[in-house]
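Being a predicted model, the structure only gives us computed values, none of them experimental. Just so we're on the same page: letters track the sequence lines, and every chain starts at 1.
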2 protein chains.
Amino acid sequence: MKYNEARHKFIQSWGTLGSSWGISKTMAQVHAVLLLSSKALNQDEIMDTLQISRGNASMSLKSLMEWGLIYKEFIPGERKEYYIAEKDAWRIATQVAQERSKRELLPVIHMLDQIKEVKDTTATKSDIKELQNVTNDILSFAKRSDKMLSTFVKAEKNTFFNKILKLFK
Amino acid sequence: MKYNEARHKFIQSWGTLGSSWGISKTMAQVHAVLLLSSKALNQDEIMDTLQISRGNASMSLKSLMEWGLIYKEFIPGERKEYYIAEKDAWRIATQVAQERSKRELLPVIHMLDQIKEVKDTTATKSDIKELQNVTNDILSFAKRSDKMLSTFVKAEKNTFFNKILKLFK
DNA sequence: TTGTATTTTCAATAATTAATGAAAATAAAA
DNA sequence: TTTTATTTTCATTAATTATTGAAAATACAA
């Protein structure tokens with residue numbers, strides 16, 4: 001396979017994968033371009049490579065910064081802003097997981113906490129029972145998942161967990 | 001909070017959460033309705049509860065079956081088909097994770113395996129190097145994640161892993 | 001300051017994805 | 001069989017989400 005073909009495939013697939021993470025296709029493609037670059041790139045270079053509009057490039061770079069997946073790099077004598085990608089797979093995964101947890105898991109935990117306080121005399125006992133069973137189960141599972149995620153995020157620094165992680169290698 | 005309000009909140013939030021799983025909003029709402037029901041429901045009951053069209057209900061039920069999140073229940077003397085939801089939080093999570101892995105992780109693994117064979121004399125050494133570094137790292141990470149997922153799926157049956165899982169509680 | 005390069009915002013538009021509903025297919029009863 | 005109930009499919013339509021591009025804002029230099 002030729003380099004350009006491989007590069008193109010990687011960028012396309014990364015875009016597709018991104019869409020299923022709650023990251024827009026373009027945003028993931030911008031990340032891919034930066035991942036494959038050994039030097040920092042500016043907005044115009046990215047616009048040019050992916051043939052996207054200025055606005056789109058600006059938005060995508062901004063979101064990627066918020067997700068903690070890319071960083072700005074200051075280049076002396078340059079007026080433009082340059083970007084580099086986080087390239088460590090483990091960091092990419094934990095950053096995405098943390099951001100998604102914040103956006104998706106926490107709202108659900110909040111909703112379930114509210115629902116716990118159902119007081120209603122008009123509804124049937126079995127309906128209320130089922131609601132409470134389901135919400136309690138999901139709530140404890142969601143909280144456990146969130147705790148587990150923080151544990152994994154800290155795992156790099158922790159020798160004990162590194163040993164556990166090796167079990168999966 | 002009143003039962004109906006709580007129920008409504010749960011269904012709405014479950015729908016929102018679903019959209020960020022790669023499951024359509026309606027599909028997740030149908031799942032929520034079944035989760036909260038102590039008895040099996042038929043398609044008309046679901047259409048009525050969620051005020052959705054026949055076609056949409058049919059499609060959503062079909063997809064939920066494919067994701068392994070609901071089951072058909074045969075009711076003697078009834079012509080209609082009845083459905084019940086998987087209610088165990090751990091099972092729901094592993095089913096979703098497995099299905100997503102199949103749809104998202106495996107295509108990426110396949111792409112990365114292809115890319116490993118870049119042979120190109122026209123591209124620069126450093127570009128090829130960077131492509132190989134990134135793809136190799138992500139590939140080994142993706143494969144490890146997939147292995148980890150299967151381990152978790154089997155974990156219920158395994159006392160040793162149950163002990164590890166307790167670390168996160 | 002004032003001028004110029006660069007980035008960001010956001011209303012308009014395009015592209016994508018989901019939902020409808022009627023027709024076709026299937027399955028059970030008469 | 002034929003009739004009736006039920007489910008599925010899929011072209012059309014609606015809703016949602018992403019992208020553009022020009023104007024506004026910002027940042028730097030003269």
Using atom [atom1] of [X] as one end and atom [atom2] of [N] as the other, report the distance to the nearest whole Å.
X: Lys62(A); N: dT26(D); atom1: NZ; atom2: C1'; result: 14 Å
X: Leu41(B); N: dT7(D); atom1: CG; atom2: P; result: 13 Å
X: Phe74(A); N: dT6(C); atom1: CZ; atom2: P; result: 14 Å
X: Glu78(A); N: dA27(D); atom1: CD; atom2: C1'; result: 15 Å
X: Asp44(A); N: dT7(C); atom1: CG; atom2: C1'; result: 10 Å
X: Glu66(B); N: dT8(D); atom1: CD; atom2: C1'; result: 13 Å
X: Tyr82(B); N: dT6(D); atom1: OH; atom2: P; result: 9 Å
X: Lys80(A); N: dT8(C); atom1: NZ; atom2: P; result: 13 Å

inquiry  = Any side-chain to backbone donor/acceptor pair from Gln95(B) onto Trp67(B)? Under 3.5 Å, distance only.
reply    =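 Yes, Gln95(B) side chain to Trp67(B) backbone: donor-acceptor pair under 3.5 Å.
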message = Please check: side-chain N/O of Thr151(A) versus main-chain N/O of Lys147(A), any donor-acceptor pairing under 3.5 Å?
response =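 Yes, because the side chain of Thr151(A) sits within donor-acceptor range (under 3.5 Å) of the backbone of Lys147(A).
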ask   = Base, sugar-phosphate, or nothing for Glu81(A), non-hydrogen atoms under 4.0 angstrom?
value =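 The answer is sugar-phosphate, as Glu81(A) gets under 4.0 Å only of primed atoms, P, OP1 or OP2.
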request  = Can you measure from CG (Leu131(A)) to OG (Ser37(B)) and round to the nearest 0.5 angstrom?
outcome  =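 Nearest 0.5 Å value for the CG-OG distance: 12.0 Å.
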task = Do nucleotides 17-30 of chain C as a string where each nucleotide becomes B, S or -: B if the base has a protein heavy atom under 4.0 Å, S if just the sugar-phosphate does, - if no protein is that close.
result = --SBB-----BBS-
ask   = Do the side chains of Ile52(B) and Met59(B) join up, straight or via other hydrophobic residues, at under 4.5 Å, putting them in one cluster?
value =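 Ile52(B) and Met59(B): separate clusters.
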Residues Asp113(A) and Lys116(A) bridged, charged N to O under 4.0 Å =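 So Asp113(A) pairs with Lys116(A) through a salt bridge.
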ask   = In this structure, which one of Lys87(A), Arg7(A), Lys39(A) forms a side chain to side chain donor-acceptor pair (under 3.5 Å) with Glu130(B)?
value =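 Looking at Lys87(A), Arg7(A), Lys39(A), the match for Glu130(B) under the side chain to side chain donor-acceptor pair (under 3.5 Å) is Lys87(A).
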